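Below: one structure, written as structure tokens.
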Amino acid sequence: MRVVAGEFGGRPLKTLDGKITRPTTDKVKGAMFNMIGPFFERGRALDLYSGSGSLAIEAVSRGMDEAVLVEKDRRAQAIIQENIKMTKNEKAFTLLKMEANRAISQLNGTFDLVFLDPPYAKEEIVANITALEEAGLLAEEVMLVCETDKAVELPEEISQFGIWKQKIYGISKVTVYVR
């Protein structure tokens with residue numbers, strides 16, 4: 001796995017072995033960013049279920065100013081820290097070592113781009129988007145990028161957000177919500 005494009009493009013990323021995380025493949029990650037960007041002029045990103053940190057690192061590589069990564073698994077946290085170190089731009093990243101709901105209650109400011117790839121997709125995504133919105137953490141022009149198994153059916157609308165784009169890549173489905 002590697003950073004696909006931007007400032008850190010081509011640099012290798014470490015991932016965890018086993019079933020703890022499901023890293024987004026380079027192909028899906030490239031397609032996902034082409035769908036939503038592919039590059040950004042500033043902004044803040046939030047990766048609520050970071051795994052290896054790949055999506056947040058890609059977002060900063062492609063122009064986001066900073067990213068907050070949330071991960072509860074200790075082994076995944078160690079991988080994220082190694083991947084952040086590889087960027088040589090550690091000040092652009094904040095790793096919160098906790099589960100997603102606790103992080104939502106502690107975050108401040110607003111986010112322009114949010115990645116959601118939780119283990120129990122449908123239930124968690126609806127609850128997370130609602131909680132982020134209620135906490136005032138979502139910028140007016142925010143994009144909510146949800147990655148799920150292709151069989152998962154997400155609702156057309158969540159809170160004030162509707163599906164803007166949705167595509168299937170192999171076994172993965174990417175759904176983007178906007179206001």
Side-chain angles (χ1 to χ4, degrees), residues 1-41 43-71 73 75-89 92-93 95 100 111-122 124-125 128-129 142-156 158 161-178:
M1 198 165 76
R2 63 186 174 82
V3 180
V4 178
E7 181 183 351
F8 317 131
R11 295 186 195 176
L13 293 167
K14 296 182 176 180
T15 60
L16 264 179
D17 295 330
K19 292 188 164 62
I20 291 160
T21 63
R22 298 165 291 134
T24 305
T25 65
D26 289 349
K27 182 179 176 185
V28 171
K29 187 168 45 172
M32 177 188 296
F33 277 89
N34 284 336
M35 198 169 145
I36 63 171
F39 294 93
F40 308 100
E41 292 181 27
R44 272 181 98 204
L46 172 65
D47 188 352
L48 215 43
Y49 299 88
S50 290
S52 67
S54 165
L55 294 175
I57 290 169
E58 189 77 34
V60 171
S61 181
R62 291 172 181 250
M64 284 280 158
D65 295 313
E66 63 178 300
V68 175
L69 300 87
V70 178
E71 181 53 59
D73 183 82
R75 289 174 291 172
Q77 292 165 2
I79 295 288
I80 290 168
Q81 287 175 313
E82 286 184 53
N83 285 337
I84 287 172
K85 206 170 278 181
M86 169 280 304
T87 70
K88 296 181 175 43
N89 186 12
F93 301 95
L95 172 59
F111 294 93
D112 305 288
L113 179 62
V114 178
F115 297 103
L116 297 154
D117 183 8
Y120 302 102
K122 187 174 183 177
E124 290 289 333
I125 286 171
N128 290 157
I129 290 174
V142 70
M143 273 192 280
L144 304 161
V145 182
C146 309
E147 186 179 355
T148 61
D149 181 272
K150 71 177 181 183
V152 173
E153 288 298 324
L154 291 172
E156 285 289 320
I158 301 172
F161 301 92
I163 294 175
W164 176 54
K165 290 184 180 179
Q166 188 172 61
K167 291 205 171 131
I168 294 174
Y169 304 100
I171 61 168
S172 299
K173 183 190 291 182
V174 176
T175 305
V176 182
Y177 287 91
V178 295

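Note that the structure is a prediction, hence the values are computed from the model and not measured. Start at 1 with the first residue, then count along the sequence.
- Val3 places none of its side-chain heavy atoms less than 4.5 Å from the side chain of Thr87.
- A salt bridge between Lys173 and Glu153 is present, with a side-chain N of the basic residue lying under 4.0 Å from a carboxylate O of the acidic one.
- Glu71 and Ser50 make their closest contact through OE1-N, 3.6 Å (heavy atoms, listed as atom of the first residue, atom of the second, distance).
- Of all the heavy atoms in Ala31 and Tyr169, the pair that sits closest is CB-CE2, 3.3 Å.
- Remark: Leu55 CG to Leu46 CG distance equals 11.5 Å, nearest 0.5 Å.
- Inter-residue side-chain proximity for Ile80 and Phe93 is flagged as unmet; no heavy-atom pair is nearer than 4.5 Å.
- A distance of 7.5 Å separates CZ in Phe161 from CD1 in Ile129, rounded to the nearest 0.5 Å.
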Quick one: do Gln77 and Leu95 satisfy side-chain contact (heavy atoms from CB on, under 4.5 Å)? Show the steps, please. CA-CA 8 Å; Gln77 292 165 2; Leu95 172 59; 4.2 Å; yes
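- Taking each heavy atom of Gly53 and Leu69 in turn, the nearest pair found is CA-CD2, 3.5 Å.
- Taken from CZ in Phe111 to CG in Leu48, the straight-line distance is 9.0 Å, to the nearest 0.5 Å.
- The shortest distance between side-chain heavy atoms of Asn83 and Ser52 falls below 4.5 Å.
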Go through the steps for Ile57 and Arg11 under the test side-chain contact (heavy atoms from CB on, under 4.5 Å), then give the verdict. CA-CA 11 Å; Ile57 290 169; Arg11 295 186 195 176; over 6 Å; no
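- At least one side-chain heavy atom of Leu16 sits under 4.5 Å from a side-chain heavy atom of Asp73.
- Results of the side chain to side chain contact (heavy atoms under 4.5 Å, CB included) test with Leu13 over Glu82, Met86, Glu58 single out Met86 as the only residue that passes.
- One distance of note links OG of Ser172 with CG of Asp117; it measures 8.0 Å at 0.5 Å rounding.
- Of all heavy-atom pairs between Met35 and Val176, the closest is CE-CG2, 3.6 Å.
- Between the OH atom in Tyr177 and the CD atom in Gln166 there is a gap of 7.0 Å [rounded to 0.5 Å].
- When the shell of 6.0 Å around CD1 of Ile171 is examined, it contains 12 or fewer heavy atoms from other residues, nucleotides or ligands.
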Would Asp65 and Arg44 count as a side-chain contact (heavy atoms from CB on, under 4.5 Å) if you check the C-alpha gap in whole Å, the side-chain angles of each, and the deciding distance to 0.1 Å? CA-CA 6 Å; Asp65 295 313; Arg44 272 181 98 204; 5.9 Å; no
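- Shortest non-hydrogen contact noted between Phe115 and Ala59 is CE1-CB, 4.1 Å.
- Taking CE of Met32 as the reference point, atom OG1 of Thr175 lies at 9.5 Å (rounded to 0.5 Å).
- Around atom NZ of Lys165, more than 12 heavy atoms belonging to other residues, nucleotides or ligands sit under 6.0 Å away.
- A pairwise comparison of heavy atoms in Ala67 and Val60 identifies CB-CG2, 3.8 Å as the closest pair.
- Under the 30°/60° scheme for interplanar angles, the aromatic rings of Phe33 and Phe40 are found to stand perpendicular.
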